[in-house]
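In what follows, chains are A, B, ... by sequence order, proteins preceding strands, each numbered from 1.
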Amino acid sequence: MSELSSIFDPKRRQRFRRQLLSWYNTHQRDLPWRGVNDPYAVWISEIMLQQTVVAAVIPYFEKFMTRFPDLQTLANAEESEVLQYWEGLGYYSRARNIHKSAKIIVQEYQGKFPTSLKSLQKLPGIGRYTAGAICSFAYDQSAPIVEANTLRLYSRLIGLEEDPRSKSGQNQLWDFAELILPRKSPGIFNQALMDLGSLVCTPQNPACNQCPVSSACEAFLKDRQHKIPIPKVRPEITPLTDVSIAVFEGHKVMIRQRMSGERWAGLWDFPRFTLENMNGLAHPALKKRKSNGQKMLFAEHNNERSGKDDFPTGLSVDVVPRLEEYLREHAGVKASLHQFVAEIRHNVTRYKIRLLCFVAIVESADASQVSSSRLQSEEQALYRWVTVSELEAYPLSVTGRKFAKLLAQEIPSFD
DNA sequence: AAGGCGGGGGC
DNA sequence: GCCCCAGCCTT
């Protein structure tokens, strides 16, 4: 690293700060949580922004702050309603954690928002970055930050060739974040760093020609900006086929609340399972997908094809008894598969999922009263029977919501 | 150190 | 399609 012009040199550091703030004066983003020093509002925005792009957060932030304008309102709300306002944003533990934290602050901090890095990090969902963001943005404390934008920016500034996510890389980045931070207005300075990272020092094709601090950038000086930071290793994607079944008894449909430890914990869903997890079922059941993706009634299908052919999805009809058995064992309900509704494709973490949605009908009026002794593990879950229109008041995953909308719009006879 | 956790923006 | 996103928590 060149000595005299190094970003670590105190004089060069001063110049860097001036250049950055000058750029920020004319280029800063206009965001709903900018210029806000209410720690509550800063907190909510920061939690929503975790692993989530700004454009996706804005409408959620506006609606959330209208419904839960302050700590008390949030603490007094039901978790389920908080989750409703989070529906579609993903990473739902964030919503459960802010609700938990709001209650903790009210009960253990007398409703006064914590003001130190240390106390903030004790709250669930607040780590080193978020604590630093709240302290610097809301309280103008001189707390360093490292997140996606600044990780990339700092890595390039110091020419970090090793993995910035490793322990060693993290140490260097946090040290640099602290070193670069000025005494004066650290909050604005941190936001300026993030905007530079977001608008100029982008992941692909960084705009080094428009960068106010390129002369201080080790990566730029070595023409390494396209190689730094080294990209995350992408996990292998596993294809899966899930089945989701809306079980109707009259005009009511069965839903269950997903349990902690499960994906979408706290949200509600129709009984849903992964074919690959059902003993030896997936392989023979899944055949090559047919070209005709039209949905059709199972009954009609059965009649036309003598009950021996696949669903339009490539799912063998042979699987139907197993699905019904599964429903009986895991959801405690005796129902018969009635109709194929739709195939929904979606990706979640490292899975690429085809979700096959069916309607089933409870066989007799008292058939849903299956003794709980028959139920296996998952059946400690909370189940409810609701009308399709009542589903609007329950937080669902995005796929659950899509299925619910199909039930409401395309099968009005079930409501 | 590694894996889980969601959904979509933007190209 | 693909890469990535104002991270945190558990194992």
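Listed by first and then second residue, the side chain to side chain donor-acceptor pair (under 3.5 Å) pairs involving residues 101-114 of chain A amount to none (not counting sequence neighbours). For residues 74-88 of chain A, the set of pairs meeting the salt bridge (Lys or Arg N to Asp or Glu O under 4.0 Å) definition, not counting sequence neighbours, comprises A:Arg67-A:Glu81, A:Glu87-A:Arg401. Residue pairs satisfying the side chain to side chain donor-acceptor pair (under 3.5 Å) criterion with at least one member in residues 175-184 of chain A, sequence neighbours excluded, are absent.
Using a 4.0 Å cut-off on heavy atoms, none of the residues of residues 81-98 of chain A approach DNA chain C. Scanning residues 29-37 of chain A for heavy-atom distances under 4.0 Å to DNA chain C yields A:Arg29, A:Leu31, A:Trp33, A:Arg34. Annotation: proximity of residues 120-127 of chain A to DNA chain C (heavy atom, distance under 4.0 Å) is found for A:Leu123, A:Pro124, A:Gly125, A:Ile126, A:Gly127, numbered in ascending order. Within residues 171-200 of chain A, the residues having any heavy atom closer than 4.0 Å to DNA chain C are, in order of number, A:Met194.
A salt bridge is defined here as a Lys NZ or Arg NE, NH1 or NH2 lying under 4.0 Å from an Asp or Glu carboxylate O, and A:Glu324 with A:Arg322 fails to meet this definition. Between A:Asp163 and A:Arg165 there is a salt bridge, since at least one side-chain N of the basic residue sits less than 4.0 Å from a carboxylate O of the acidic one. A salt bridge is absent between A:Glu390 and A:Arg384; no separation between the charged side-chain nitrogens and carboxylate oxygens falls under 4.0 Å. Of the charged side-chain nitrogens involved, none lies within less than 4.0 Å of a carboxylate oxygen, so that A:Lys252 and A:Glu249 do not count as a salt-bridged pair.
Considering only residues two or more places apart in sequence or on other chains, A:Tyr154 meets the ring pair (Phe, Tyr, Trp, His ring centres under 6.0 Å) condition with A:Phe176. With sequence neighbours excluded, the residues satisfying salt bridge (charged side-chain N to carboxylate O under 4.0 Å, His left out) with A:Arg29 are A:Asp195.
Bracketed by its first and final contacts, the part of DNA chain C lying under 4.0 Å from non-hydrogen atoms of chain A reaches from C:dC3 to C:dC9 in 5' to 3' order. The span of DNA chain B lying next to chain A, judged by atoms under 4.0 Å from heavy atoms, is bounded 5' to 3' by B:dA1 to B:dG10.
Across all strands, A:Val398 comes closer than 4.0 Å only to sugar-phosphate atoms, never to a base (heavy-atom distances). As judged by a 4.0 angstrom heavy-atom cut-off over every strand, A:Val54 is placed among the base-contacting residues. Residue contacts shown for A:Thr150 are absent, as no nucleic acid heavy atom lies under 4.0 Å away. A:Ala133 comes within 4.0 angstrom of no nucleic acid atom, judged by non-hydrogen atoms across all strands.
Between A:Tyr326 and A:Phe273, the two ring planes are tilted [angle within 30° to 60°].
The side-chain heavy atoms of A:Phe270 and A:Met254, taken from C-beta on, include no pair separated by under 4.5 Å.
Taking the centre and axis of the six-membered ring of A:Trp174, the NZ or CZ atom of A:Arg128 falls inside the cone set by 45° and 6.0 Å.
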Q) Can you check side chain to side chain donor-acceptor pair (under 3.5 Å) on A:Thr399 and A:Arg272, steps first, answer last? A) CA-CA 11 Å; A:Thr399 51; A:Arg272 170 172 175 161; 3.2 Å; yes
Q | Test salt bridge (charged side-chain N to carboxylate O under 4.0 Å, His left out) applied to A:Glu262 and A:Arg256, step by step | A | CA-CA 12 Å; A:Glu262 275 188 299; A:Arg256 62 176 278 263; 2.9 Å; yes
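A:Thr52 and A:Arg94 form a side-chain donor-acceptor contact under 3.5 Å, judged by distance and modelled atom types alone.
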Q | Canonical and wobble pairing (Watson-Crick, G-U, under 3.5 Å) of DNA chain B, dot-bracket with | | A | |||||.|||||
